[in-house]
Amino acid sequence: MDNYDFKKIEENWQLIWENNKLASCDVTQSENNFYNLCMYPYPSGDLHMGHIRNYTIGDVITRYKKKLGFNVLSPMGWDSFGLPAENAAIKTGIHPKKFTEDRISNMRDQIKRLGSLYDWDKEVAAHDKNYYKWTQYLFIKLFENKLAYKEDAPVNWCTSCKTVLANEQVIEGNCERCDSEVTKKNLNQWFFKISSYSEELLQGLHDIGDWPENVKSMQENWIGKSSGVQFNLKINGSELDFDVFTTRPDTLFGMTFAVMSPEHKLMNKILSLSPNSKEIQSYIDVAKSKSEFERMSITKEKTGVDTGLKVTNPINNKSVPLWIADYVLINYGTGAIMAVPGHDERDYEFAKKYNIEIIQVIIDKDQKIDISSKPFIEKGVLINSGDYDGLNSHDEASNSILNYLSKKDLGERKVTYRLRDWLISRQRYWGCPIPLINCTKCGLVPESLDNLPVLLPEIDDYKNSEDSPLAKSEDFLNTKCPDCGSDGIRETDTMDTFVDSSWYFLRYLDSQNQNFPFDKNIINSWLPIDQYIGGVEHAILHLLYSRFFVKALRDINLLDVDEPFHNLFSQGMINFGGTKMSKSKGNVVDPESYFATHGADALRLYILFMAPPSDGVEWNDGGIEGTKRFLNKFWDNMARVSDLQIQKTIGEDDLVRSMNQTIFSVTRHLEKFEFNTGVSDLMKANNEISKYLNENSTVSEETKDFVFNTMCNLLYPFSPHISSEIYNLFSKKDISALKWPEFDESNLSNPSYELVIQLNGKKKFTKVVNTGTSQQEAEEACEVTFNIKASDYKKVIFVKDKIINFIG
RNA sequence: GCCCGGGUGGCGGAAUUGGUAGACGCGACGGACUUAAAAUCCGUUAUUCGAAAGGAUGUGGGGGUUCGAGUCCCCCCCCGGGCACCA
């Protein structure tokens with residue numbers, strides 16, 4: 001047949017679904033709810049292939065679950081605060097609000113053209129004052145519960161964006177957004193206390209629902225739990241002491257020096273005490289001037305300076321020198337270490353360079369290893385360790401030495417995490433203002449809840465120098481203290497946009513609520529989200545922050561759930577020309593053009609069919625013709641099925657069985673998110689129908705209906721417009737009301753199969769036999785047809801309905 | 001370096017519990033229809049030897065377990081992703 005008029009059909013059905021409120025969900029219902037969520041997009045203005053993939057997968061689930069009888073909630077919204085709108089404003093003068101809202105309306109149209117069902121009544125946008133009012137409300141609640149705090153800290157500063165960044169947003173020393181250099185700066189900044197949840201965030205990963213292994217492992221790595229011992233070192237001839245953390249207390253006898261990070265809080269005292277204070281001061285100055293990346297680079301040669309001071313090893317009272325070196329990081333552990341060059345690569349490199357003594361305290365079982373050319377970090381037995389000689393390294397010796405230290409009150413077991421508190425201040429305009437006021441009398445106080453939202457002020461110039469753009473508005477800046485009425489000055493930073501996205505899925509459930517961010521009861525009945533679907537690029541940032549947010553809100557009694565997302569599905573990225581599609585690389589493939597040339601249904605089907613959805617793929621539109629061809633053939637076949645004369649026909653039993661097998665298989669694939677094979681099942685079934693139609697012109701009424709209903713129904717989640725159209729055309733009914741088809745379990749297997757006949761494990765012949773054939777019958781058949789006598793062989797292995805193997 | 005994935009035809013990719021490797025689609029080739037082309041339909045398409053019948057090889061490489069391995073075990077190579085001076 002000719003190409004069907006997909007443009008007309010798709011527009012028509014989208015209108016019908018909208019008018020019938022097909023996507024509308026009553027959230028007050030308490031039974032059979034299914035919260036199906038796709039990550040809300042940043043409104044860049046244009047839908048890209050990643051969105052198409054995400055929202056197609058989401059829609060397959062929505063429509064499938066609806067057909068199973070679930071009350072499905074599938075909302076959509078906008079992650080609409082963020083830098084691009086502000087940069088565009090600087091460049092073009094268009095106000096970020098207008099810029100953003102124009103783009104939202106364009107993107108909303110594109111999403112609708114894809115045909116995915118969203119309950120638009122629940123739409124939220126992060127930049128909307130009815131939304132960010134509640135972001136501010138939640139911020140204040142966190143502040144009141146000491147989960148948000150302001151502190152001086154060395155922070156990541158992007159020299160180009162002129163804003164601070166969270167650790168999670170620094171990639172190899174560069175800004176995640178603009179790739180510019182990130183430096184360290186000491187600033188008074190806002191943090192969320194995510195680190196108090198380290199252990200729970202880690203443990204939660206074990207009993208969460210179905211999450212991809214790689215995402216769990218990325219979060220695990222990021223949290224970075226490590227167990228060891230923390231103990232105290234005293235600086236000889238002074239009152240000074242400091243803690244060090246180690247995972248290898250078993251190597252304590254091998255400590256030949258100690259190292260402090262240049263940023264260590266004791267540094268001023270060290271300077272006054274040390275005979276080498278000049279050298280130390282200049283070393284600190286140099287370290288400060290280096291970029292974060294230079295400092296962290298593993299390839300860099302280690303540097304340091306001897307303080308001339310000594311510390312005492314608590315296990316043997318030996319004095320060892322104290323050094324300052326920037327290979328010890330202030331942010332991890334205690335910012336100081338015991339250095340055991342014999343058994344640690346970094347300490348070894350340092351000791352070699354500065355000619356510091358290296359002692360071997362662990363030897364392998366064969367007593368062969370020596371450490372003259374490299375440190376020994378594997379398991380072995382202790383030597384040169386006094387009473388501990390002969391103990392096994394790592395666990396056994398560590399426990400003994402820990403016991404000694406804790407008995408003497410010198411040290412204790414300690415768990416450290418790599419995860420640090422979440423820095424959320426941003427020196428930018430287009431974000432949610434931090435609703436705190438610096439009162440001249442009371443200090444830092446939250447804006448009164450009645451005065452929320454703290455609105456973003458109008459300003460003329462969005463460029464930020466060293467200060468936040470909001471500081472340019474006097475009207476915004478100067479205010480009165482909500483507690484005492486004295487003069488106050490507002491905070492001028494805005495929040496990281498990941499704060500907005502840490503709770504949007506809660507607001508969807510109650511987006512019109514004027515009194516609270518959401519109704520606790522509704523949240524409790526809908527969370528955790530049954531299925532969350534989004535890109536793997538959010539594995540750490542958004543997914544970890546949201547998990548923290550929900551736990552924090554639980555602890556301040558705003559909701560009663562532990563985890564936001566029960567099942568998570570991460571779709572792979574779509575690349576083009578070997579790399580990620582991006583405007584700056586000019587390799588963006590625009591989905592719009594395919595709406596026009598092939599239609600949304602063909603594009604959806606192709607994007608599902610091209611690869612397993614969790615895999616990354618290289619975009620290649622060669623195959624979209626194939627899915628288009630399939631849809632044409634499908635329509636043609638359904639029309640021909642409808643035209644068949646009514647009369648029971650011999651071949652139709654096979655067709656009925658094939659339909660049963662297809663229902664079984666498509667259902668199984670949908671449940672496992674294997675959409676590519678689900679589509680191929682439909683193609684196979686379509687081919688079966690073609691075959692039947694070429695050989696027959698009649699069918700029983702029952703089979704005709706079964707084939708027609710089943711095929712349209714199975715295609716519906718994948719390509720909903722065309723299946724709705726065909727079903728309506730030939731049956732005058734609405735397919736969305738049709739329940740997901742059931743299969744007849746007794747009619748799944750074929751009456752006969754090809755028995756594989758092997759001799760000594762090698763396939764030699766095949767023979768068609770009845771399903772259920774016994775070993776004896778199979779042996780007889782082999783003898784009759786191929787003259788293979790079971791008695792000539794030592795052993796016969798028979799697997800029912802599969803193979804027979806003669807051995808010997 | 002560490003932690004996750006993964007490696008199957010010309011290409012994208014299929015293969016319940018170990019049981020006919022290559023489903024489905026793309027591309028290619030041959031044929032039908034057509035004045036012609038497109039579209040459509042039918043057929044062929046892992047490699048290799050062979051005219052054919054038929055044989056041999058084959059899931060990154062090497063070893064192993066098994067009647068039988070893409071699938072399980074050990075070692076190695078390569079690719080993608082994440083983390084990375086984390087003590």
Side-chain angles (χ1 to χ4, degrees), chain A residues 1-3 171-172 212-222 224-226 228-229 244-248 251 259 295-300 302 325-329 331-340 343-347 349-350 377 416-419 536-537 539-540 572-573 575 605-606 609-612 614-618 620-627 629-630 632-633 636 665 668 674 676-687 690 694 753-766 793-808:
Chain A
M1 73 172 278
D2 292 339
N3 277 346
I171 313 292
E172 292 191 350
E213 276 310 314
N214 62 334
V215 173
K216 286 200 268 188
S217 119
M218 280 187 211
Q219 292 210 352
E220 227 172 286
N221 283 340
W222 190 260
K225 180 178 183 173
S226 92
V229 171
V244 293
F245 172 76
T246 180
T247 54
R248 293 293 307 278
T251 61
V259 189
R295 282 280 301 272
M296 300 281 275
S297 171
I298 191 168
T299 50
K300 183 200 73 151
K302 294 182 179 25
D326 68 2
Y327 82 89
V328 172
L329 307 173
N331 289 323
Y332 185 77
T334 61
I337 60 160
M338 69 168 197
V340 183
H343 305 283
D344 180 279
E345 282 175 2
R346 296 148 302 181
D347 298 343
E349 187 193 328
F350 193 81
I377 51 181
T416 344
Y417 301 89
R418 212 183 70 102
L419 181 66
V536 71
E537 63 273 20
I540 299 175
M573 294 214 283
N575 295 327
L605 205 58
Y606 178 57
F609 181 62
M610 69 191 302
S614 55
D615 287 6
V617 274
E618 177 71 15
N620 171 353
D621 66 5
I624 195 169
E625 280 299 327
T627 54
R629 231 173 265 165
F630 162 75
N632 278 323
K633 243 187 281 185
D636 195 28
S665 188
R668 208 183 75 210
E674 294 165 345
N676 54 330
T677 43
V679 174
S680 95
D681 286 334
L682 290 171
M683 289 173 165
K684 254 187 269 190
N686 200 40
N687 293 342
S690 301
N694 290 343
Y753 72 100
E754 266 195 331
L755 175 70
V756 174
I757 296 150
Q758 297 183 332
L759 298 180
N760 291 313
K762 283 206 153 196
K763 177 185 148 195
K764 285 290 171 191
F765 313 100
T766 61
Y793 294 87
K794 283 187 194 140
K795 196 173 163 190
V796 179
I797 287 173
F798 176 73
V799 181
K800 200 175 172 193
D801 297 343
K802 293 232 162 77
I803 58 132
I804 186 161
N805 188 4
F806 297 89
I807 298 134

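Order of the sequence lines fixes the chain letters, A, B, ..., with proteins taken first and strands second; residue numbering starts at 1 for each chain.
The same atom, P, is picked in C77(B) and in G62(B); the two are 15 Å apart, to the nearest Å. With P as the reference atom, U66(B) and G12(B) are 36 Å apart, rounded to whole Å. Rounded to whole Å, the separation between the C1' atoms of C72(B) and G18(B) comes to 8 Å. G7(B) and U45(B): their P atoms are spaced 26 Å apart (whole Å). Taking the C1' atom of each, C42(B) and G19(B) are spaced 34 Å apart, rounded to whole Å. The gap from the P atom of G27(B) to that of G22(B) amounts to 22 Å, rounded to the nearest Å. Comparing the C1' positions of C33(B) and C41(B) gives an interatomic distance of 8 Å, to the nearest angstrom. Of the P atoms belonging to A69(B) and A21(B), the separation is 10 Å, rounded to the nearest Å.
D681(A) meets the salt bridge (Lys or Arg N to Asp or Glu O under 4.0 Å) test with no other residue; sequence neighbours excluded. Annotation: ring-ring contact (aromatic ring centres under 6.0 Å, His included) contacts of F806(A) (sequence neighbours excluded): Y793(A). In terms of the ring-ring contact (aromatic ring centres under 6.0 Å, His included) criterion, residue partners of F630(A) (sequence neighbours excluded) are, by chain and number, F634(A). Taking the side chain to side chain donor-acceptor pair (under 3.5 Å) definition, one finds that N687(A) meets it with nothing, sequence neighbours left out. K763(A) meets the salt bridge (Lys or Arg N to Asp or Glu O under 4.0 Å) test with no other residue; sequence neighbours excluded. Applying the salt bridge (Lys or Arg N to Asp or Glu O under 4.0 Å) rule to R418(A) yields no partners; only residues at least two apart in sequence or on another chain are considered. When the side chain to side chain donor-acceptor pair (under 3.5 Å) test is applied to T677(A), the partners found at least two apart in sequence or on another chain are H669(A).
Scanning all heavy atoms of the two residues, the minimum distance from Y753(A) to K802(A) falls at CE1-N, 3.7 Å. Residue M338(A) comes nearest to D347(A) through the heavy atom pair O-OD2, 3.9 Å, listed as atom of the first residue, atom of the second, then distance.
Between the side chain of K802(A) and the base of U17(B), a donor-acceptor pair under 3.5 Å is found. If you check distances only, the side chain of K302(A) does reach the base of C85(B) with a donor-acceptor pair under 3.5 Å.
Rounded to whole angstrom, the span from the CG atom of N805(A) across to the C1' atom of G68(B) amounts to 6 Å. Between the CG atom of N694(A) and the P atom of G43(B) there is a distance of 9 Å, given to the nearest Å. With rounding to whole Å, I804(A) atom CD1 is found 16 Å from G68(B) atom P. Rounded to an integer number of Å, the gap from CD of E220(A) to C1' of C3(B) is 9 Å. The distance between atom CG of D615(A) and atom P of C79(B), rounded to the nearest whole Å, is 19 Å. Rounded to a whole Å, the CZ atom of F765(A) is 11 Å from the C1' atom of G54(B). Distance E213(A) CD to G80(B) C1': 18 Å, rounded to the nearest Å. The interatomic distance linking K800(A) (NZ) with G68(B) (P) rounds to 25 Å, in whole Å.
Across the interface with RNA chain B, nearest-nucleotide mapping of Y332(A) and N214(A) shows N214(A) to be the residue nearer the 5′ end. Projected onto RNA chain B by closest heavy-atom contact, E674(A) and I337(A) fall at different nucleotides, the more 5' of which corresponds to E674(A).
Across all strands, P212(A) comes closer than 4.0 Å to no nucleic acid atom at all (heavy-atom distances).
In textbook terms, a nucleotide whose glycosidic angle is within 90° of 0 is syn, and G9(B) is one such case.
Under the Watson-Crick or G-U wobble criterion, with both distances below 3.5 Å, A15(B) has no partner in any strand shown. Figure legend. U34(B) is base-paired to no nucleotide; pairs are counted as Watson-Crick or G-U wobble with both atom distances under 3.5 Å. When Watson-Crick and G-U wobble pairs are counted only if both distances are under 3.5 Å, U44(B) pairs with A28(B).
A close approach under 4.0 Å does occur between a side-chain nitrogen or oxygen of S226(A) and OP1 or OP2 of A87(B).
For the atom pair I807(A) CD1 and I797(A) CD1, the distance stands at 3.5 Å (nearest 0.5 Å).
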Sort me out a list of protein N/O and nucleotides 21-27 of chain B N/O pairs below 3.5 Å, or just none if empty.
from, atom 1, to, atom 2, distance (Å)
A23(B), O2', K684(A), NZ, 3.0
G25(B), OP1, N687(A), ND2, 3.2
C26(B), OP1, R629(A), NH1, 2.6

Filtered N/O pairs between nucleotides 57-59 of chain B and protein, under 3.5 Å:
from, atom 1, to, atom 2, distance (Å)
U57(B), OP2, K762(A), NZ, 3.4

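Which of U20(B), G82(B), G13(B) sits closest to the side chain of V617(A) comes down to G13(B). In this structure, the nucleotide among G19(B), G81(B), C3(B) sitting nearest to the side chain of I797(A) is G19(B).
At a threshold of 4.5 Å between non-hydrogen side-chain atoms, the residues V340(A) and R248(A) do not count as touching.
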